[in-house]
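Chain letters run A, B, ... following the sequence lines, proteins first, then strands; residues in each count from 1. Here the structure is a predicted model, which means the values were calculated and not measured.
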Amino acid sequence: MFDEYNPKIIEKKIQDKWNKSDKYKSAVDNREKFYCLSMFPYPSGKLHMGHVRNYTIGDVISRFKRMQNFNVFQPMGWDAFGLPAENAAIENEVSPKDWTDQNIENMKNQLQSLGFSYDWSMELRTCDPKYYKWEQLIFKKFYDAGLVYKKKSLVNWDPVDETVLANEQVIDGKGWRSGAQVQIKEIDQWFIKITSYADELLDSLEQLDWPENVKLMQKNWIGKSYGAEVEYKMEEGNESLKTFSTRPDTIYGVTFLAISPNHQLSINLSKTDENIKLFLEKCKDRKNAEADIAKAEKLGIDTGKKVIHPITKEKLPVWIGNFVLLDYGTGVVMGVPGHDERDFEFATKYQIDIKQVIKNDKDDLPIPDKGILINSDNFDGMTSENASKEIINKLIELECGSSLIQFRLRDWGISRQRYWGCPIPVVYDDHKPMVVNQEEMPIQLPELKDSAKPIPLSQNQNFINLSTNQKRETDTFDTFMDSSWYYARFTSADNNEDIFDSRTNYWLPVDLYIGGIEHAILHLLYSRFFHKAMRDLDLVEGDEPFKKLLTQGMVLKDGSKMSKSKGNTVDPQQYIDKYGADTVRLYMMFTSPPEQSLEWSESSVEGASRFLKRIWKLTSGRKYEEYDDTFEFSKEEIELRRKSHSTLKKVSNDYENRFAFNTAIASIMELLNFIPEEFKKDSSTNSQKFCLNETIVFILKMLAPITPHICEDLWNKFYGEKDIELSWPDFDEDIILIDEFELIIQINGKVRGKLNIKKDTNRKDIELKAIEVENVKSFINNSKIKKTIYVKDKLINFVI
RNA sequence: GGGGAUGUGGUGGAACUGGUAGACACGCUUGGCUUAGAACCAAGUGCCGCAAGGCGUGGGGGUUCGACUCCCUCCAUCCCUACCA
């Protein structure tokens with residue numbers, strides 16, 4: 001009798017074998033390299049479905065590439081600094097470090113039980129001083145290169161807990177713990193000049209083998225726009241307000257200016273004007289997140305101040321608007337209510353003049369599209385495009401404007417007022433900041449002694465005060481800093497003498513980067529910036545960190561993202577325990593293509609397990625035998641061989657070019673279903689055995705990247721101790737070729753018949769044969785055929 | 001508010017270049033095996049219709065001999081929106 005498929009035993013056995021031989025440890029050699037990286041996880045406690053899916057995709061591709069004789073590097077590590085550790089510390093009275101270490105241990109065990117072929121010798125964690133020491137050095141190098149500066153900027157402030165809150169800690173405008181109304185507060189913070197690289201970040205998107213939607217999102221985020229800067233002189237005094245607009249053609253339609261509540265003029269006016277002061281107070285009661293600002297009711301207040309329109313010399317009112325962002329452009333918007341939806345809404349609400357200066361097909365204001373100018377003096381009749389140029393010339397002539405290129409991208413604020421992060425390596429000498437020398441790095445995060453509760457560094461006097469009377473910086477880095485360069489550090493993670501070494505330029509760039517679509521903008525843009533800045537500091541070579549990108553969709557349950565708050569999480573561990581890693585991996589790959597979201601379904605896991613049992617039943621107890629293949633194959637044998645080879649061709653293509661693991665698995669299932677029963681019997685002929693052996697070899701090899709344990713175990717038993725990952729099999733095109741095809745016969749585009757036809761039959765003969773098919777004949781009846789469309793080797797369509 | 005995606009049977013999905021809609025699986029139905037159940041095996045399964053046939057890829061419109069695929073428009077859901085990672 002056959003032994004039962006027992007994943008627990010074979011998975012343990014195979015994993016032990018891999019570990020003993022250090023099978024997946026990487027080394028530089030002269031083969032073509034393939035650096036396959038999956039986004040490292042935040043160690044939140046245990047793996048969730050998204051991780052399992054992400055890392056299975058990465059492992060399948062790594063294993064496939066290894067079979068194709070690439071030198072594969074697939075490391076894994078931990079994005080270990082961050083907010084959840086501090087929250088857990090407060091709730092569970094465990095220090096962020098202990099909590100994090102514990103989680104890493106758990107999750108590492110889970111990753112190993114899933115059989116991922118990582119090179120664990122290069123493991124890293126961002127909370128390790130051995131890691132962040134180098135991050136502090138990069139900061140210093142950036143600082144010396146003039147890429148770092150300090151400026152005031154806005155944060156969410158909880159006035160009760162007296163802490164800065166992350167956007168997700170603000171719920172309905174209230175602090176999540178205190179429940180207090182959150183306020184906008186301005187504090188001094190560190191920034192990195194990512195905008196210096198705005199043009200390059202935009203231009204080099206073109207050369208990336210990334211999904212078009214991600215490139216488009218980054219392009220829109222960077223938001224390069226061409227327009228005009230226009231200066232409006234204040235009616236009183238010598239001050240003026242500068243605005244940026246992408247639509248200088250609408251300048252005759254300007255009826256007001258709106259400035260940000262955080263604009264210097266707003267603040268100055270609030271000192272003398274009680275109403276403005278109250279209005280600004282009201283504007284503070286909100287969350288500092290773009291979506292919230294944009295969705296909030298548009299409020300404004302007339303400052304009573306006027307500016308002079310640079311061309312018409314009209315006096316225009318200056319308003320303060322809660323929707324105007326200080327960070328974007330100049331913090332002043334020129335209001336053109338006739339041609340902008342938001343300005344129209346605002347002007348209507350506050351009864352500000354609305355002027356039409358553009359005419360096109362649309363009848364009702366506002367008309368945001370371009371058109372022909374009206375009510376614009378001697379610019380009347382011009383197209384928007386021409387008028388824009390002419391108006392800019394006019395502004396230049398009047399010395400109150402110029403053409404200007406503006407980016408939506410803002411500089412990157414990297415200061416966080418938190419404990420569990422990398423200390424910013426700066427000391428203050430009488431308020432003057434200085435970056436510490438490399439010899440003093442790492443500036444270590446102080447350990448928590450008396451209580452596990454994290455307190456911000458600003459309250460830790462031992463940390464702040466230095467013997468030299470200098471004071472330490474108390475902000476820590478944004479955790480996006482940690483994850484912006486880990487892909488490069490992986491290549492030299494075991495080197496404590498140097499940040500990077502000769503291996504770095506061998507492995508870089510990452511050939512395939514796999515991660516969630518939610519990182520399409522921030523993480524990926526910051527990493528691209530880091531790479532370019534590190535390149536300019538001669539730390540790395542090449543212009544881009546990630547050559548190819550695969551963005552996986554979310555894992556959903558009942559149509560929405562699995563999350564604790566929704567209470568719809570499914571723990572992968574119970575499925576690993578019940579069915580084994582191979583089944584979970586197979587399920588993940590079979591259920592939907594990587595880029596789409598995946599709807600979790602319990603019963604489909606059962607199906608994946610069933611398929612592996614069938615493979616087990618087919619193969620175990622069978623031994624590969626060599627035959628000289630001089631058989632006269634029967635029709636059935638030829639068909640099986642054709643199916644085997646064409647399946648291999650399809651699967652190779654699905655892996656290599658499409659990452660379509662779901663269709664690859666489906667066609668392997670089809671192949672398994674296709675094997676005739678007699679071939680499996682002991683009484684089968686040698687030629688049948690030969691064909692079956694060939695099929696089994698292909699099936700095991702094709703499935704090995706997805707379900708490596710069962711395939712390796714069966715391979716060893718079936719074929720001997722040779723490594724299944726030694727090679728990817730070749731298909732034979734001659735076996736696949738067939739000289740017949742099924743002709744589809746349509747009438748008016750609807751299928752009315754089918755016919756087997758020899759390839760290369762001439763069109764006339766095909767038409768004559770098609771028309772004689774019984775069903776086709778009755779449809780045509782006596783109607784006249786007006787037109788015939790023939791698609792070679794595929795279909796014929798009669799139009800009647 | 002802005003940016004990006006997605007929408008196909010009871011369910012997950014397939015259709016890769018405008019050319020057979022529903023591959024492969026789950027579920028369900030019927031039958032076999034079994035004392036019974038589980039497991040396994042076999043057959044069936046988009047909807048309407050006795051049938052011929054008709055209808056069908058979120059809704060509406062368009063291009064085409066032919067549209068899940070291209071265009072316009074509307075709706076729903078999801079992701080991102082700079083301090084969650």
How would you label the contact of [X] with the nucleic acid (heavy atoms, under 4.0 Å): base, sugar-phosphate, or nothing?
X: A/Glu670; answer: sugar-phosphate
X: A/Leu216; answer: sugar-phosphate
X: A/Val164; answer: base
X: A/Glu606; answer: nothing
X: A/Pro593; answer: sugar-phosphate
X: A/Phe480; answer: base
X: A/His523; answer: nothing
X: A/Ala660; answer: nothing
X: A/Trp412; answer: nothing
X: A/Val791; answer: base
X: A/Met39; answer: nothing
X: A/Asn797; answer: base
X: A/Lys650; answer: base
X: A/Leu409; answer: base

Roughly how many Å apart are [M] and [N], using the [atom1] atom of each and rounding to a whole number?
N: B/rG56; M: B/rA67; atom1: P; value: 11 Å
N: B/rU6; M: B/rG58; atom1: P; value: 13 Å
N: B/rG27; M: B/rA38; atom1: P; value: 12 Å
N: B/rA15; M: B/rG4; atom1: C1'; value: 25 Å
N: B/rU8; M: B/rA14; atom1: C1'; value: 10 Å
N: B/rU17; M: B/rC71; atom1: P; value: 15 Å
N: B/rC70; M: B/rG19; atom1: P; value: 11 Å
N: B/rU57; M: B/rC50; atom1: P; value: 24 Å

Out of [options], which has the shortest distance to the side chain of [X]?
X: A/Lys754; options: B/rG53, B/rU20, B/rA82; answer: B/rU20
X: A/Gln746; options: B/rG12, B/rU20, B/rG1; answer: B/rU20
X: A/Met217; options: B/rG4, B/rG13, B/rU81; answer: B/rG4
X: A/Thr591; options: B/rU20, B/rG4, B/rG12; answer: B/rG12
X: A/Asn220; options: B/rC83, B/rA85, B/rG3; answer: B/rG3
X: A/Phe590; options: B/rA82, B/rA25, B/rU20; answer: B/rA25
X: A/Gln596; options: B/rA14, B/rC26, B/rC83; answer: B/rA14

Quick one: classify the glycosidic conformation of B/rG9 as syn or anti, with syn meaning within 90° of 0.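 Here the answer is syn: the torsion falls within 90° of 0.
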Is any side-chain N or O of [X] closer than 4.0 Å to OP1 or OP2 of [N]?
X: A/Arg610; N: B/rC26; result: yes
X: A/Asn775; N: B/rG53; result: yes
X: A/Asn167; N: B/rU81; result: no
X: A/Arg658; N: B/rC16; result: no
X: A/Arg408; N: B/rG2; result: no
X: A/Asn653; N: B/rC16; result: no
X: A/Thr479; N: B/rA85; result: yes
X: A/Asn673; N: B/rC24; result: no
X: A/Lys787; N: B/rU64; result: no

Pair [X] + [Y]: basic N to acidic O under 4.0 Å:
X: A/Glu212; Y: A/Lys215; answer: yes
X: A/Glu162; Y: A/Arg177; answer: no
X: A/Arg658; Y: A/Glu595; answer: no
X: A/Asp478; Y: A/Arg416; answer: yes
X: A/Lys794; Y: A/Glu742; answer: no

Aromatic centroids of A/Trp485 and A/Tyr526 separated by under 6.0 Å: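 No: the rings miss the under 6.0 Å criterion.
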Mutual orientation of the aromatic rings belonging to [X] and [Y] [parallel < 30°, tilted 30-60°, perpendicular > 60°]:
X: A/Tyr486; Y: A/His523; value: tilted
X: A/Trp99; Y: A/Tyr42; value: tilted
X: A/Tyr5; Y: A/Trp616; value: tilted

Report yes if a donor N or O on one partner sits less than 3.5 Å from an acceptor N or O on the other, where the partners are the side chain of [X] and the base of [N]; otherwise report no.
X: A/Gln417; N: B/rC83; result: yes
X: A/Gln189; N: B/rC83; result: yes
X: A/Lys794; N: B/rU20; result: no
X: A/Glu290; N: B/rG2; result: no

Could you please spell out the steps behind the ring pair (Phe, Tyr, Trp, His ring centres under 6.0 Å) verdict for A/Phe40 and A/Trp78? CA-CA 6 Å; A/Phe40 66 165; A/Trp78 311 94; 8.6 Å; no
Testing A/Asp158, A/Asp172, A/Asp292 for salt bridge (charged side-chain N to carboxylate O under 4.0 Å, His left out) with A/Lys287, which one passes?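 It is A/Asp292; the other options fail the test.
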For RNA chain B, which residues of residues 80-88 of chain A approach it to below 4.0 angstrom with any heavy atom?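 The stretch gives A/Gly82, A/Leu83 as the residues lying under 4.0 Å from the strand, ordered by number.
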Rounded interatomic separation in angstrom, taking CG from A/Leu743 and P from B/rG19: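 The answer, rounded to whole Å, is 16 Å.
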Name all stems that contain residues of RNA chain B, defined as runs of 3 or more consecutive Watson-Crick or G-U wobble pairs, both distances under 3.5 Å.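 Result, WC/G-U stems under 3.5 Å: B:1-7 with B:75-81, B:10-12 with B:24-26, B:27-32 with B:40-45, B:46-48 with B:53-55, B:58-62 with B:70-74.
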For A/Phe81 and A/Phe477: C-alpha separation, side-chain torsions, deciding distance, then whether ring pair (Phe, Tyr, Trp, His ring centres under 6.0 Å) applies. CA-CA 9 Å; A/Phe81 275 136; A/Phe477 283 140; 9.6 Å; no
Under the ring pair (Phe, Tyr, Trp, His ring centres under 6.0 Å) criterion, do A/Tyr655 and A/Phe661 qualify, and how do the steps go? CA-CA 6 Å; A/Tyr655 277 8; A/Phe661 309 111; 5.6 Å; yes
Tell me, yes or no, whether the heavy-atom count around A/Lys151 atom NZ, taken from other residues, nucleotides or ligands under 6.0 Å, exceeds 12.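 Yes, enclosed.
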